[in-house]
S.K.: 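The structure is given below, and queries will be raised subsequently.
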Amino acid sequence: MTTALISHSDCLNHVTPEGHPERVARLEHLLHALAPLDLLRLAAPPASDADIGRIHPQRYIERIAAAEPAEGETQLDGDTWMSPGSMQAARRAAGSVIRAVDAVSSREVSNAFCGVRPPGHHAERETPMGFCIFGNAALAAQYALDHHGLSRVAIVDFDVHHGNGTQDLIWDEDRVLLISSHQSPLWPGTGDATETGGHGNVLNIPLPPGSDGAEMRAAYEAQVFPRLNAFAPDLLILSAGFDAHTDDPLAQLDWNTEDFRWLTRALCQIAAKHCRGRLVSVLEGGYDLAALAASGRAHVEELIEAGK
Ligand SMILES: [Zn+2]
């Protein structure tokens, strides 16, 4: 058994304007850092409308497709842009998690990391937002439930920003537990601990600006791990953002590379205990290139270790 790295060069054709933090170089740096690792490299297939339609209405998919420019870049909202190739990149990103869920479900691999962009956890049902177009993590969960017949799926979102899109997409899905830790206050401003989902299926863990890895570890040990153990998921999905790193320019948490390693190891142990190791991780944020590469590599090294 091994760990899959699921990606596609089409994800590099989603081009954002000069100076935009969610840029092509992010994925290039991360994939370069992962190049020496022993991984089963799989191509992300493009998700069909029917795939994406599990979480977004067809009119939204068509609206996004129609917004793609023939040349240059066009703005979907204040932060979210499309270039020629963005729709295919977004389809590959969505398709990567479907391939990952299939691969861990069939025992082709133990676990999988989807190194893709655009990210997904801010995209709401009919609203692109925060560099995100389709809700990749929520799609992974919905696909695992509906296609593979799993009973319970947990999503842990450790990106520094609240996973508002994932929360919106799974709010009424009582078979999904979403746990999001994030800096608060911080954009997008949601993710208060009082937001608990339509069925008590959301746990938000706001962390104060300037808090470090020790505070993160304490919060996960006190709140996240007990909740995951009580829920006993069949599959664990990670929204893996690395922008809680102390060097990240978009936020003010002070995690370091070893904190991401610790967290990944702990989550893999939970997957081993409840999910027969089945874990799918998908890239979200992380905007300091060196921090993203180092933290992402530590994350994937732990997946490999757990998958042996
Ligand atoms: Zn983020």
Side-chain angles (χ1 to χ4, degrees), residues 11 14 16 19-27 29-30 76-81 89-90 93 97 113-124 127-138 140 155-170 178-192 195 202 204-213 216 219-220 224 237-257 259-260 263-264 267 281-296 298-299:
C11 293
H14 169 58
T16 52
H20 194 287
E22 203 296 283
R23 56 206 193 275
V24 171
R26 296 179 60 240
L27 187 55
H29 272 68
L30 178 57
L76 294 175
D77 77 351
D79 306 306
T80 315
W81 293 75
V97 300
F113 178 72
C114 299
V116 291
R117 54 186 289 282
H121 73 148
H122 296 305
E124 298 186 342
T127 311
M129 191 171 156
F131 322 155
C132 301
I133 294 177
F134 299 130
N136 303 322
I155 304 172
V156 175
D157 182 332
F158 58 81
D159 187 279
V160 80
H161 301 94
H162 176 233
N164 63 290
T166 309
Q167 177 172 295
D168 177 60
L169 291 164
I170 64 85
L178 167 65
I179 301 176
S180 175
S181 67
H182 42 269
Q183 179 182 321
S184 179
L186 184 67
W187 188 93
T190 49
D192 192 84
E195 298 165 24
V202 172
N204 282 307
I205 314 275
L207 299 167
S211 62
D212 63 9
M216 176 276 286
Y220 271 79
V224 179
I237 294 165
L238 306 183
S239 261
F242 299 94
D243 40 8
H245 194 283
T246 189
D247 292 341
D248 197 275
L250 296 196
Q252 294 80 41
L253 292 193
D254 290 330
W255 302 9
N256 59 38
T257 302
D259 293 319
F260 289 102
L263 179 55
T264 306
L267 292 168
S281 175
V282 59
L283 179 65
E284 301 286 359
Y287 304 99
D288 179 88
L289 296 179
L292 170 63
S295 302
H299 177 68

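Counting starts at 1 for both ligands and their atoms, in listed order.
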S.K.: Between His299 and Ser281, does a side-chain hydrogen bond (donor to acceptor under 3.5 Å, both in side chains) hold up when you go through it step by step?
M.R.: CA-CA 9 Å; His299 177 68; Ser281 175; 2.8 Å; yes
S.K.: As a test of reading the structure, name the N/O/S atom of Asp243 that is nearest the Zn ion (ligand 1).
M.R.: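 Closest N, O or S atom of Asp243 to the Zn ion (ligand 1): OD2.
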S.K.: Let me confirm one number: the CG-NE2 distance from Asp259 to His245, rounded to the nearest 0.5 Å.
M.R.: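 If we round to the nearest 0.5 Å, Asp259:CG and His245:NE2 are 8.5 Å apart.
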S.K.: With the Zn ion (ligand 1) as the point of reference, which N/O/S atom of His161 is the closest?
M.R.: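 His161's closest N, O or S atom to the Zn ion (ligand 1) is named ND1.
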S.K.: Does Asp248 use its side chain to pair, donor to acceptor, with the backbone of Tyr287 at less than 3.5 Å?
M.R.: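 Yes.
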S.K.: Can you name the N, O or S atom of Asp159 that is closest to the Zn ion (ligand 1)?
M.R.: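 This residue's closest N, O or S atom turns out to be OD1.
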S.K.: Please identify which of these residues, Asn164, Asp79, Leu76, meets the side-chain contact (heavy atoms from CB on, under 4.5 Å) condition with Met129.
M.R.: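 Of all the options given, the one that passes is Asn164.
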